[in-house]
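Presented below is the structure to which this report refers.
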There are 2 protein chains.
Amino acid sequence: MKLEQATIKDIARELNVSSSTVSRALKDYPGISDETKRKVKELADKMNYRPNAIALSLRKSRSFTIGVIIPEVVHFFFSTVISGIEEIAFSRGYNVILTQTNEKLSREMNSVDTMLSNQIDGFLVSYSKETSDFSHFTKLLDKGFPIVFFDRVPDIPQAINVTVDDFSGAYQATKHLIDQGYRKIVHLAGPSNLKISKERERGYREALKDAGIPINPSFIVECTHGTNDEAFEITKEIFADFSDKPDAFFANNDMAAVGAMMACKSLGLRVPEDVGIVGFSNWQFCSILDPTLSSVSQPGFNIGAKATELLLDIIEKKISIEEIHNPVVLETELLIRKSSVR
Amino acid sequence: MKLEQATIKDIARELNVSSSTVSRALKDYPGISDETKRKVKELADKMNYRPNAIALSLRKSRSFTIGVIIPEVVHFFFSTVISGIEEIAFSRGYNVILTQTNEKLSREMNSVDTMLSNQIDGFLVSYSKETSDFSHFTKLLDKGFPIVFFDRVPDIPQAINVTVDDFSGAYQATKHLIDQGYRKIVHLAGPSNLKISKERERGYREALKDAGIPINPSFIVECTHGTNDEAFEITKEIFADFSDKPDAFFANNDMAAVGAMMACKSLGLRVPEDVGIVGFSNWQFCSILDPTLSSVSQPGFNIGAKATELLLDIIEKKISIEEIHNPVVLETELLIRKSSVR
DNA sequence: TTGTAGGCGTTATCAC
DNA sequence: GTGATAACGCCTACAA
């Protein structure tokens, strides 16, 4: 059942004027008599006229819609980002088309295509774990199509990236553990194809180095999935296999930290007395765990907001791509709770 | 910078045929020579032709886009629903435009307008806490415009609603506590103006009644905000003030359950030995708490999926609105974990 | 101050 | 088997 939307033509017919007059009257163009304007606006109101955004898009080759591509919606961090995106987009009169890739490259490429079909004005992207070839993005970037990446950002020169300072967050977290007297710190790392994983690992390494603690390569373990189950198993294996038992864990994400915490508990180890733990992301649940989990907070809302502002500024040519030489890096903050203080 | 998308015209010009021929060839219409089809498709591919969905929308008065209006994105339940929506929409070739109202009626009305402007084919709505007048929806419903409400659904006859069985979930949870030998069960209730709160309280009452346990009115306490801090304070007060100490809590939501659990721990009470606790919603963190929290799961994904299927079926006229006499009510499931088993 | 005509990209309809 | 034309709703250069 389609809505019988009133069009400019309808108003024109009713008033015995041309549709251009109506169009102009509605937009307060100069050179239209006040009388006509009044009549047009009155009738438009009465007929509940709503401009057809689709027709406008076709006319202007601008849809006032941005496409958001993220790995998963059900994810505290990403939902926070979406919220930031939505706020800014709404306040600036843009629509948000959303799609999740479920970490599949094929779906990511598919979404890019559909959204382009829909003539979106630009993309906000956090790419999937499967994505290592970025040609579906670079093709667009090379033509000057506006794309802003956030969180998971590619390492290509044309890209405009909004991230948090993963390095610094990881550095602080590791340093904090060292300050608390922990020495044998395991890093539960993220997937190595993600830049954020690399940065966090780099922060970990640097903190150890600065403290004069030698880096034990077997203390850096990749958690591919980042689930607590995975981290649980990995942590148990570590304690079973290693002759040199760790006394702390710095995890690439909170879920992995939880897994480590559960594993420690199941082994009869006390947190934080025997083992210190720090996570990354500061998910909502950190403060309700027992013990509460120290974590590095990422300003998700701000990431979304900032990325959207950048994108819209580019779309509206308020700034040129060339002006953005440096990637935008937002601050992280280490939130110290009980799991890492002894 | 706009993308120079190849159009049908471009292909036509290049091949010295008319655009109608190209259009037909691309869609495998009968009455086009195989030779022409081949040439057209080949060139389309080479020029990276992508149909302009905007032009199509204008032509067909159909946008293959649905509008989703929810109170908040950063909310485990809603993000799960979105995920379900997105999956079904994607699989059936529809786009999803998303907007959050932040619980503001004005923004809800604004979003309805913008989305209508964008010629969406239908709405999926969970309305804001401020919304008590539904005329902005009924106006559309009366014209036969497709809207499906979920979770927060209005009590108006024309509406098509998808909800979960809150009553049954609450009943099961309470009965489970009783079965485990708990007798003095406090209900941390939700805001009394929401139908879901009332239903959950009704389930609690009914379960007690069926078990022959008298209802103690002071054991039903409203948690307006539903935060763990609030529930923490309330729980402590209950233990301080009541001569008749409770031995279990059934909370309207998981956060409140967490607050109760933390309060019990802080009072030296053991969960589940001294106090049993069950929450509602089955948020992600339930299984990582210590002890793990029993909770009633709401099938958020399925709610989103089912609502979307209904909406698309209506849009595509696979079913008529008249056929849906009964509201869709999805089952809840009690997930029994450690916090309620002794 | 207002009207006319053309076009954004596509397809349905009618013609050849 | 293929082409010309009109139309979806809107805007705007050009005319009047």
Side-chain angles (χ1 to χ4, degrees), chain A residues 2-41 43-44 47-65 113-121, chain B residues 2-41 43-44 47-65 113-121:
Chain A
K2 80 178 88 164
L3 235 39
E4 292 296 323
Q5 302 258 39
T7 73
I8 279 190
K9 274 190 192 169
D10 298 328
I11 302 179
R13 197 181 315 117
E14 194 92 0
L15 254 37
N16 269 318
V17 295
S18 76
S19 43
S20 26
T21 303
V22 176
S23 171
R24 287 187 274 238
L26 286 172
K27 318 201 91 191
D28 274 329
Y29 260 55
I32 296 284
S33 74
D34 289 350
E35 175 62 7
T36 310
K37 279 189 192 169
R38 195 186 50 72
K39 278 204 281 192
V40 167
K41 286 183 178 171
L43 186 58
M47 296 178 81
N48 200 14
Y49 169 77
R50 229 183 252 107
N52 183 326
I54 292 287
L56 261 163
S57 298
L58 188 58
R59 183 82 228 284
K60 308 230 165 176
S61 312
R62 292 265 285 102
S63 63
F64 288 93
T65 299
D113 254 23
T114 324
M115 290 189 173
L116 287 178
S117 260
N118 280 276
Q119 312 299 114
I120 54 154
D121 297 337
Chain B
K2 79 178 87 165
L3 235 40
E4 294 295 322
Q5 302 256 38
T7 72
I8 281 190
K9 278 189 188 172
D10 297 329
I11 302 179
R13 196 179 317 116
E14 195 90 2
L15 254 40
N16 268 319
V17 295
S18 74
S19 42
S20 359
T21 303
V22 176
S23 170
R24 285 187 277 235
L26 286 172
K27 318 201 91 189
D28 273 331
Y29 261 57
I32 297 283
S33 73
D34 288 350
E35 174 62 7
T36 310
K37 280 189 192 170
R38 195 187 50 70
K39 277 204 282 193
V40 167
K41 287 183 179 171
L43 185 58
M47 297 177 80
N48 200 12
Y49 169 77
R50 227 182 253 108
N52 182 325
I54 293 287
L56 259 163
S57 297
L58 187 60
R59 185 83 229 280
K60 308 227 164 172
S61 313
R62 293 265 286 101
S63 64
F64 288 94
T65 299
D113 255 23
T114 325
M115 291 188 172
L116 287 177
S117 260
N118 279 276
Q119 312 301 112
I120 54 154
D121 297 337

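For clarity, every value in this text was computed on a predicted model and none was experimentally measured. Chain naming here is simple, since letters A, B, ... match the order of the sequence lines and numbering starts at 1 in each.
Look at B:Y29 and you won't find any side-chain N or O under 4.0 angstrom from OP1 or OP2 of C:dT11. Distances shorter than 4.0 Å separate some side-chain N or O of A:S18 from OP1 or OP2 on C:dG3. The side chain of A:K37 places no N or O atom within less than 4.0 Å of a non-bridging phosphate oxygen (OP1 or OP2) of C:dT1. Within the structure, a side-chain polar atom (N or O) of B:T21 is placed less than 4.0 Å from OP1 or OP2 of D:dG3. For B:S19 and C:dT10, the shortest distance from a side-chain N or O to OP1 or OP2 is not below 4.0 Å. Remark: B:S33 is in phosphate contact with D:dT2, judged by side-chain N or O atoms under 4.0 Å from OP1 or OP2. At C:dT10, none of the side-chain N or O atoms of B:S20 fall inside 4.0 Å of OP1 or OP2 (strictly under the cut-off). Between B:K9 and C:dC8 there is a side-chain N or O to OP1 or OP2 distance below 4.0 Å. OP1 or OP2 of C:dT10 has not a single side-chain nitrogen or oxygen of B:K60 nearer than 4.0 Å. Look at A:S23 and you'll find a side-chain N or O under 4.0 angstrom from OP1 or OP2 of D:dC11.
In this structure, CG of B:D10 is placed 8 Å from P of C:dG9, rounded to the nearest angstrom. The distance between atom CD1 of B:I32 and atom C1' of C:dT11, rounded to the nearest whole Å, is 13 Å. Atom P of nucleotide D:dC10 and atom CG of A:L26 are separated by 9 Å, given to the nearest angstrom.
Side-chain atoms of B:S117 do not come within 3.5 Å of backbone N or O of A:R50 as any donor-acceptor pair. With B:S23 contributing its side chain and B:S19 its backbone, the two residues share no donor-acceptor pair below 3.5 Å.
Listed nucleotides: D:dC11, C:dT13, C:dG9. Nearest to the side chain of A:R59: D:dC11. Considering only the side chain of A:I8, D:dC11 comes nearest among D:dA4, D:dC11, D:dC8.
Between the two ends of the helix from C:dT1-D:dA16 to C:dC16-D:dG1, each summarised by a five-pair axis, the helix axis turns through 50° (rounded to 10 degrees).
Between B:I32 and B:T36, the shortest heavy-atom distance links the atoms CG2-CB, 3.9 Å.
Not a single donor-acceptor pair, N or O on each side, falls under 3.5 Å between the base of C:dG9 and the side chain of B:R50.
Nucleic acid contact class of B:T36 (heavy atoms, under 4.0 Å, all strands): sugar-phosphate only.
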